[in-house]
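Here is how names work: the chains are called A, B, and so on, in the same order as the sequence lines, proteins then strands, and each is numbered from 1.
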Protein chains: 2
Amino acid sequence: MRLTLPSSGLAAQPLNPCFRSLHVCGRTTGYDGGMRNHELVLSWIEAELAAGRLAVGQRLPGERAVAEQLNVSRASAREGIRVLEAMGVVRAGVGSGPGAGTVITANPAVALGSALRFHVASSHLPVEDIVQTRLLLETWAAGHASATAPSMETAAALLDDMDAPGLATAEFLRLDALFHVALAEAAGNVLIGAMMSSLRGSIETYTQQLTSRLPDWNTTAERLRAEHRAIHRAIGGDGGDPAVLIAAHIEGFYREAGL
Amino acid sequence: MRLTLPSSGLAAQPLNPCFRSLHVCGRTTGYDGGMRNHELVLSWIEAELAAGRLAVGQRLPGERAVAEQLNVSRASAREGIRVLEAMGVVRAGVGSGPGAGTVITANPAVALGSALRFHVASSHLPVEDIVQTRLLLETWAAGHASATAPSMETAAALLDDMDAPGLATAEFLRLDALFHVALAEAAGNVLIGAMMSSLRGSIETYTQQLTSRLPDWNTTAERLRAEHRAIHRAIGGDGGDPAVLIAAHIEGFYREAGL
DNA sequence: CGTTCCGGTGTGGTAGGACCACAGGGCGTG
DNA sequence: CACGCCCTGTGGTCCTACCACACCGGAACG
């Protein structure tokens with residue numbers, strides 16, 4: 001239960017490694033607190049990020065440079081960077097010039113999304129829990145959405161797109177998901193927007209399966225369109241409680257699909 | 001135990017172009033959809049998980065075995081496994097015997113937690129958003145908590161621990177965090193419990209800084225203890241709305257600290 | 001017969017070197 | 001001036017060889 005090194009708590013287990021053995025595994029300086037080498041990379045980058053020496057949009061030093069700087073092998077540096085990529089903190093690109101190399105990004109949604117998918121796959125995260133959470137987040141977001149938020153225009157455009165005749169079901173659902181995410185973003189909370197985005201992604205296939213259980217898709221789609229318009233109007237201040245409307249909207253869909 | 005490759009006929013054929021192109025390096029004519037090799041490992045394990053061939057508690061094949069099976073190098077296999085570890089899907093342990101090797105776990109909280117920390121560090125995730133989200137999740141959880149949930153006993157024990165005289169501030173905060181997480185878990189939603197746990201972890205240092213701005217810690221601690229008891233009683237049905245109480249509890253703390 | 005010790009074995013962790021595919025940028029040639 | 005080739009730096013991959021670790025079974029000892 002080591003609470004040392006508070007600024008970077010990735011190392012949960014001691015896992016006392018091999019590097020303090022005289023000179024073999026490199027880094028004779030020691031004092032890594034039992035951290036594996038790739039975690040060393042993680043905590044270093046976290047510190048650089050927190051100190052402002054690295055910022056979104058900048059490029060990370062090359063893998064070889066990172067490895068040399070931290071006295072680890074390139075493989076260890078790569079492992080750390082790989083984790084960062086999975087967390088949506090960086091984006092790797094080959095070649096040279098702008099856009100190449102490892103660039104710092106800020107995409108919390110990918111981190112949550114992929115992790116959620118895995119835990120759903122391992123049957124330790126019931127889909128009902130995700131749906132329930134989604135309902136909670138969206139209801140809150142609708143209640144706090146600002147009519148003047150830029151994403152509200154995006155939402156309006158998506159509504160028009162969804163009116164296109166002969167739209168395939170999958171395409172409709174995709175636009176639907178984007179619409180809901182746009183609403184969540186209109187509340188101005190980055191975290192909740194990211195969570196909504198991840199949640200929708202992790203239950204996307206599930207939602208598609210649900211549509212096949214509907215009695216008549218066209219009728220449902222028409223109703224969804226109308227409800228979307230009503231929610232959008234309500235956020236604009238045109239009568240009605242957005243939170244109530246969106247809660248009914250979501251619950252109605254799952255109920256009709258036979259939840 | 002030999003795991004079989006997801007049928008797909010061409011498993012016998014070199015799935016990896018590494019063997020075609022003069023036996024060097026990967027993916028010349030990739031039929032892997034442009035997927036990097038470590039992503040191949042990820043999708044394979046996800047498939048095995050979804051198919052039930054891998055389950056929580058079981059051990060993953062050794063890194064060397066995974067590498068050979070997917071026709072990738074051990075380094076690539078390790079990168080994939082490292083990502084899984086960061087997502088809380090597996091846990092790596094050296095040595096032999098039970099507990100050693102790469103064991104499948106289910107710990108969504110670590111994934112969200114570490115990712116959140118990084119995005120806070122990169123200044124793309126305001127702490128206020130996290131606090132706001134925490135308030136939302138906890139209020140909901142308190143309103144849906146079951147008095148008979150096992151974690152309610154844990155919560156009660158934590159309350160007693162917090163009554164210990166001469167408790168250090170940091171230790172009190174640690175117990176406090178565990179208490180709130182226990183309450184969230186009592187609502188029975190795995191995802192929300194995991195999110196709460198991550199959120200608390202990612203703002204832990206921030207909370208500790210806040211305490212230094214309080215006029216008198218002892219007074220505040222006494223008030224927090226009383227409020228905790230009241231919330232716990234309310235969930236047990238002993239009068240009062242748990243959601244209202246916990247919302248006031250959280251908001252009160254941040255207000256007193258000068259939010 | 002029980003106990004202790006020691007090496008074998010399999011696991012993750014690490015290092016280092018090598019090569020490939022890619023994308024620019026600079027320089028040379030037309 | 002324009003075109004095209006090579007040089008350079010980047011991530012991506014592979015291989016091989018180690019180390020540290022923890023169990024486990026057989027050998028040696030009391």
Side-chain angles (χ1 to χ4, degrees), chain A residues 11 13-28 30 32 34-42 58-68 70-85 90-104, chain B residues 1 14-30 32 34-42 58-68 70-85 90-104:
Chain A
Q13 294 291 327
L15 286 178
N16 208 347
C18 58
F19 350 111
R20 56 189 79 247
S21 71
L22 299 186
H23 54 67
V24 178
C25 290
R27 281 171 42 289
T28 56
D32 46 26
M35 196 177 285
R36 285 122 101 206
N37 281 5
H38 80 270
E39 293 173 326
L40 196 65
V41 177
L42 289 179
Q58 288 184 355
R59 282 183 39 182
L60 220 58
E63 297 176 347
R64 295 162 178 88
V66 171
E68 187 183 2
L70 298 180
N71 280 315
V72 301
S73 72
R74 194 183 159 207
S76 296
R78 279 180 62 81
E79 287 184 13
I81 294 175
R82 193 66 55 238
V83 170
L84 289 178
E85 194 182 14
V90 302
R91 188 216 61 196
V94 293
S96 71
T102 305
V103 181
I104 307 199
Chain B
M1 115 181 122
L15 176 59
N16 190 310
C18 182
F19 290 147
R20 313 189 193 117
S21 69
L22 308 183
H23 66 67
V24 193
C25 195
R27 303 190 305 89
T28 55
T29 65
D32 46 18
M35 196 179 281
R36 285 119 103 210
N37 280 4
H38 80 269
E39 293 174 319
L40 196 64
V41 177
L42 289 179
Q58 288 185 354
R59 282 182 41 182
L60 219 57
E63 297 176 345
R64 297 163 177 86
V66 171
E68 186 185 3
L70 298 180
N71 279 317
V72 300
S73 73
R74 192 181 160 209
S76 296
R78 278 181 62 81
E79 287 184 14
I81 293 175
R82 192 68 54 239
V83 170
L84 290 178
E85 192 182 17
V90 303
R91 188 216 65 202
V94 293
S96 70
T102 306
V103 181
I104 311 226

Checking all strands, does A:Gly99 fall into the base, sugar-phosphate, or nothing category for heavy-atom contacts under 4.0 angstrom?
nothing

What does B:Gly97 touch in the nucleic acid at a heavy-atom separation under 4.0 angstrom: a base, only the sugar-phosphate, or nothing?
sugar-phosphate

Residues within residues 76-84 of chain B bordering DNA chain D, heavy-atom distance below 4.0 Å
B:Ser76

Might you work through the side-chain contact (heavy atoms from CB on, under 4.5 Å) test for A:Glu85 and B:Arg36, ending with a clear yes or no?
CA-CA 13 Å; A:Glu85 194 182 14; B:Arg36 285 119 103 210; 2.6 Å; yes

So, is B:Ser96 close to the C:dT11 phosphate, meaning a side-chain N or O under 4.0 Å from OP1 or OP2?
no

So does A:Thr102 get a side-chain nitrogen or oxygen closer than 4.0 Å to the phosphate oxygens (OP1/OP2) of D:dT10?
no

Here the gap from A:Glu79 atom CD to A:Glu63 atom CD, rounded to the nearest 0.5 Å, amounts to 11.5 Å

Distance in Å, A:Ile81 CD1 paired with A:Thr102 OG1, rounded so as to fall on 0.5 Å steps:
5.0 Å

State, to 0.1 Å, how close B:Leu40 and B:Val72 come at their nearest heavy-atom pair, and which atoms those are.
CD2-CG1, 4.1 Å

What is the separation between atom [atom1] on [X] and atom [atom2] on [N], rounded to the nearest whole Å?
{"X": "A:Met35", "N": "C:dG12", "atom1": "CE", "atom2": "C1'", "result": "18 Å"}
{"X": "A:Glu63", "N": "D:dT10", "atom1": "CD", "atom2": "P", "result": "10 Å"}
{"X": "B:Arg74", "N": "C:dT11", "atom1": "CZ", "atom2": "P", "result": "10 Å"}
{"X": "A:His38", "N": "C:dA15", "atom1": "NE2", "atom2": "C1'", "result": "16 Å"}
{"X": "B:Glu68", "N": "D:dC15", "atom1": "CD", "atom2": "C1'", "result": "14 Å"}
{"X": "B:Asn37", "N": "C:dC20", "atom1": "CG", "atom2": "P", "result": "16 Å"}
{"X": "A:Glu39", "N": "C:dG12", "atom1": "CD", "atom2": "C1'", "result": "13 Å"}
{"X": "A:Asn71", "N": "C:dG13", "atom1": "CG", "atom2": "C1'", "result": "16 Å"}

Check: D:dG11 base within 3.5 Å donor-acceptor of A:Arg91 side chain:
no

Looking only at N and O atoms, is any donor in the side chain of A:Arg64 or the base of D:dG11 less than 3.5 Å from an acceptor on the other one?
yes

Does a sphere of radius 6.0 Å around CD in A:Glu68 hold more than 12 heavy atoms from other residues, nucleotides or ligands, not counting ones at 6.0 Å or beyond?
no

Checking A:Arg91 side chain against A:Gly99 main chain: does a donor-acceptor pair fall under 3.5 Å?
yes

Considering only D:dT10, D:dC14, C:dA15, which nucleotide approaches the side chain of B:Ser73 most closely?
D:dC14

Test item: A:Arg78 and B:His38 side chains (from C-beta on) under 4.5 Å apart, heavy atoms
no

